[in-house]
2 protein chains.
Amino acid sequence: MRGVFDRLFSPHAIAVIGASQDLSSISGQPLASLKEHGYTGRIYPVNPRYQEIAGLKCYPSVAALPETPDLAMFLIKATSVPGALRECGERCIPFALIISSGFSEIGSEGAKLQLEIIEIAQQYAIRVVGPNCQGMMNVAKGMFAGFGAAFQIPKLRAGPVSLVTQSGGFGFAVVSMAEESGVGFRHVVCTGNEAGISTLEFMRFFIDDPETRIIAAYVEGLKDAHCLLEVGDMALMAAKPIMIWKVGNSEVGQRAAISHTANLGGAAALYRAAFRQRGILEVDDVQDLADFNRAFLYGREPRGLGVGIVTLSGGAGVVMADACTKLGLDIPSLSMDSERRLREIVPAFGSVFNPVDITGSIFNDPEMLRKVLLTIIEERNVHSLVVITALVQGRLAVQLASEIIKLNRITDKPIMLCWSAREELAKDAYALVDAERIPRYPTPVRVSRSLAALTTFMEARRKCSMRNGARITSVKRPKAHKMFMGGSGVLTEHRAKQVLAQYGIPVTRERIALSREEAGSISVEMGFPVALKVSSPDIPHKTEARALRMGLNSAEEVESAYDEIIVNARSFKIDARIEGVLVQEMVKGGIETIAGITNDSMFGPALMFGLGGIFAEVLDEVTFRVCPVTFEEAMEMIHETKGYAVLAGARGTARSDIDALADTLVKLSALAMDLTDHLAELDINPLIVLAEGEGVKAVDALVRPVHKQ
Amino acid sequence: MRGVFDRLFSPHAIAVIGASQDLSSISGQPLASLKEHGYTGRIYPVNPRYQEIAGLKCYPSVAALPETPDLAMFLIKATSVPGALRECGERCIPFALIISSGFSEIGSEGAKLQLEIIEIAQQYAIRVVGPNCQGMMNVAKGMFAGFGAAFQIPKLRAGPVSLVTQSGGFGFAVVSMAEESGVGFRHVVCTGNEAGISTLEFMRFFIDDPETRIIAAYVEGLKDAHCLLEVGDMALMAAKPIMIWKVGNSEVGQRAAISHTANLGGAAALYRAAFRQRGILEVDDVQDLADFNRAFLYGREPRGLGVGIVTLSGGAGVVMADACTKLGLDIPSLSMDSERRLREIVPAFGSVFNPVDITGSIFNDPEMLRKVLLTIIEERNVHSLVVITALVQGRLAVQLASEIIKLNRITDKPIMLCWSAREELAKDAYALVDAERIPRYPTPVRVSRSLAALTTFMEARRKCSMRNGARITSVKRPKAHKMFMGGSGVLTEHRAKQVLAQYGIPVTRERIALSREEAGSISVEMGFPVALKVSSPDIPHKTEARALRMGLNSAEEVESAYDEIIVNARSFKIDARIEGVLVQEMVKGGIETIAGITNDSMFGPALMFGLGGIFAEVLDEVTFRVCPVTFEEAMEMIHETKGYAVLAGARGTARSDIDALADTLVKLSALAMDLTDHLAELDINPLIVLAEGEGVKAVDALVRPVHKQ
């Protein structure tokens, strides 16, 4: 199978437009790097000022090239790019790597130029990388097409990690540092302003690339974020972990990121939600990248959260237990049987409980380790094993390493080592365990973080296969679509609830009354108490307009309330379109929650949930998921809020109908997917959750349609 | 000035009791280490089995030694320790370092042995280190009295960091790893089971030690935790930061810690509170230790939270802004004037806002950096400066380093560098900035963490001097002490409130009625509505006993409620001592909060605060401070809970009397200090906070006296 970007990453020939004879300058470096790293394709410098650069024949124009290269690199000033890009189009060059700066990052003038190159690229079907980017690498092939210090590192280690970065300076600094920590790279590409190929497109390609095993990305913002869930699923199915360094999460950070307009809280929360939904690992320092890399390349997949810990140092065992617990891993108790067996092996001043502390007496009895390991590895609740060998060095280290390797060969549970001896003092032992591909780290915290990363990915893969078993059925409700036609501004509450009802979401019983008498008779039919609310697309905030009355207990009360509401509504907004007065049942009891949809400009529809009423303000805690949302995910949303305590029956109150709530969230997600083109925002506030078995009810709803241009 | 442990850390002679001729065994290693590291004092092996060990004359007993050593090391089996310790006592040896295991960490048998050595130590005034410990070091003096790999590291770097650790294996692994990362140690000591000298005693000594500049500790639990605030204050006044690696914070971790060194954990929340109160830095990996060390040794003290950032890589600037914000640092906007000046210097595709992105064009114009730095360093709101030089290497690196050094000499604001070039590629530049003592780190996250550590310490020092300006006046209330006399079990609500009132805490108006008629007349006097509650030390939970009635509106209601309460109380507990029925005003409005005291077995009294009612359950959030608590700290407590939103007036309700609440918390702290010997626990629930200017009122209170033995 050939990947879409194979010719980009493995070009048989590259044109270097604007190459300089000064090989230390920005426009000279790429030529030097390509030659130094042994790129075996043909290199064509293009520059009318020279006959030859660094021993290569230099061509006056792209038109003059003896063949059509797969890739053209642009090192010329921004204003010259459109012309040269057109020339490339005429020569049918499929890929352009535009290093040049001076595009949308400098403001409107540059943005215009960027639009121009997008148009030219479309016209000639050229795929563009950049502009304003630092270059790209295919490490194994010596294809180092870029400038800066990272392109000059001799013998950069090749490996199975492919990285896409929106920042050149920082991205390649990460490459340099991670490589120094042992990470081997396959492809690295800087996307710059992303006028052409996006970060997610590169990620897709890496997922399909058989030689990439791990995908890393530095991300400021994804304009095609709505594809993130799908890309995440592809990666899960291909068993390739994605690690994202997402930045611009703070206000200042976001301002600093060359970026978009989305509101801060929302956007950062949606990224976090999507990462979580697909087991995408967030990293925020180079060490994590390097550590996780080792775990994934060496490690086996744990089948659960249970960690068995065997330590030579009690203190390190305590640190490990703390760190694992903090990261959501489990340190299960051992069976009585195992404890009994361990008691015969472990000295009295050690511990036979997990973490098992075999103490420094290992110095006197190295056999002890084998017996302890064999006992623990058989425990049903132990899904992975951490062995802490502290500072053990020299001959004893080799002996322990051999025991661990023997165990590794008779189990398929992952084993990880916390070994703090200096490299030179345990060289032989380290060589043994490295050859066996048993991941080792010097500190307990680093072991537990890496183990947690493996577990997160494993969990996401498990959920992915469950999702694939039970595909979300897509819902089509043409009637609901029609409700958005012809109107302007927000939908009235009544209309909004009719939309909800189309998707099976329970709403209050209610009818529009057009006269005081009708209001009275509807209320009698409905049964008391009732609420009255003005129905007008021009008055979304009914309380403010004093056009709402609650708890009315007789037809008389209803009739006089009707008049009052009409008068107040008129005086609030003289030209308001009044469609009547809504007579509505009052919902008794239950817990107030808020559920909603935001149709994010980058992510598309996302589901929001939180407690309502006073809790909404005090907790200031809502949770998001990018749609579509499964029942299991809806349940997770409910469980992860503090509101869960209230719904589950805090202070002795009855348990609420949590199943019905989750079901409603799923329906809301289906609604959002069906109405993507119409819906800007939807809020159900409150969504009352009644006692178990009694369902939920949407009491008020606000729908804001997309603003048609 | 001579420190209390000078003779321990710099002994003129050491007796090594139980030294072995096998220098690779645990009891042989210390002798070898002392000799190898060039310890210049005299070494006296004591072992009746040998005439000589490693060229040193071996003595049959302590009695036979030619002089009295300052320190005796114990390498003999646990059961032989008491006898040998007595011999040391007879020779007036002041310090004993007991390496031997087999004491309280193995259970009751060993605990008995440990008690025995404590008694002997007291009898002879010997100060004991250990038992069950791995040893100690005075690095500069070559005094390496212990066993294990760390004691065998050749030329361990000496420096100004002193470390006390409760775990030997882990503590010395940290020493080994931190030293490898550049940390230099002065004293290192393992306290093991702490039968004698405690962790905090060693910390005090280090604070007084002129050559220690930074104090580090690995802590499982502090049995003298009540001294932590005081030790923290000493360190703040001496301007020596304390970094604590506190473990046993999870349930499993705590269980493991107990079986490890038998040090009781104590509440994790109280440790965290005390650390925060005194600016003690919590670390949880070796890298932080090494990074913070560099910041404190090199760095200057920032005078505020404002960070100015200058970067060559836009991406790294975003990462830095995110990381600083997350850690509570501030990235202030620059003045209009500076922005204008920067606009003339920085290229269009960079940024003139903080973080200032001068981009890779530095390659073409290295002068740019100086101008930018000079502009930013003068900003009033910039208290520290971070320069991100990305991967810059070679000659340009030296040039930038010189510019930064020039700036460093004309400002007293701290400057920190984020410099990711490999050591070998920017060697000369690194040598320059290192010589100038400008801290540098390879990644933005590590810079910001180190800067935040400096800032935390600076803030704590500022608050410390404020505290010293306004000392907490201690309150003595002998009347309150008397209220605890003679009783058993909990105090009645009425009695508990009389205790509160003694310290000026407002309580509900209330009186005990002894008859239905009296209840009626009290209620009339008091004004309706009132509440009635049984008053009995045997019925702390009045609701459960149905011995409580609220909202009574007439004398008749009160009288019949009186009878009902007496009947219910009797039938709930037939032999309950009933002191009457409390007639109490009903407090209208206000916000329910909970305030309390826990008299922790290790910390002594600690203050607790949180929202009450349903919020208590949903938020599950209370905050602690170890007493005494200042007004400023009380305000911090209120602000850091989510309840603050409610008290400040969420949903348009009136703002509550937060000043009065803080004042009450301070009074509660004074009460707790005065009643330390009597009070086990005190809860005010609810403590109603009324509208601004109207104060607070304790509506119900529970006091549990210490259980007298």
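To find a chain, count down the sequence lines: A is the first, B the second, and so on, and within it residues start at 1.
Within the 4.5 angstrom heavy-atom criterion, atoms from both the backbone and the side chain of A150(B) approach chain A. Residue A421(A) does not touch chain B at all, counting heavy-atom pairs closer than 4.5 Å. Residue contact with chain B, scored on non-hydrogen atoms closer than 4.5 Å, is absent for Q134(A). If you measure heavy-atom distances from E109(A) to chain B, you find no contacts under 4.5 Å at all. If you measure heavy-atom distances from E180(A) to chain B, the contacts under 4.5 Å come from both the backbone and the side chain. When heavy atoms are compared at a cutoff of 4.5 Å, P347(A) does not approach chain B at all. In this structure, chain B has no heavy atom under 4.5 Å from any part of F147(A). Of the atoms belonging to F349(B), heavy atoms from both backbone and side chain fall under 4.5 Å from chain A. Heavy-atom distances place the backbone of N354(B), and not its side chain, under 4.5 Å from chain A. Both the backbone and the side chain of S420(B) come within contact range of chain A, with heavy atoms under 4.5 Å apart.
With chain A as partner, the option from R422(B), K642(B), R446(B), M177(B) having the largest number of non-hydrogen pairs under 4.5 angstrom is R422(B). Contact tally against chain A (heavy-atom pairs below 4.5 Å) for G171(B), G315(B), A321(B), G394(B): the top residue is G315(B). Of the listed residues G148(B), S176(B), A390(B), the one with more heavy-atom pairs under 4.5 angstrom with chain A than any other is S176(B). Chosen from I106(B), D322(B), D285(B), V445(B), the residue pairing most often with chain A at heavy-atom distances under 4.5 Å is D322(B).
The closest side-chain heavy-atom distance from S167(A) to S313(B) is below 4.5 Å. Within the 4.5 Å cutoff, the side chain of F170(B) has no heavy atoms near those of the V318(A) side chain. The closest side-chain heavy-atom distance from K326(B) to D284(A) is below 4.5 Å.
Summarising the geometry, atom CD1 belonging to I153(B) is positioned 7.0 Å from atom CG belonging to L391(A); distances are rounded to the nearest 0.5 Å.
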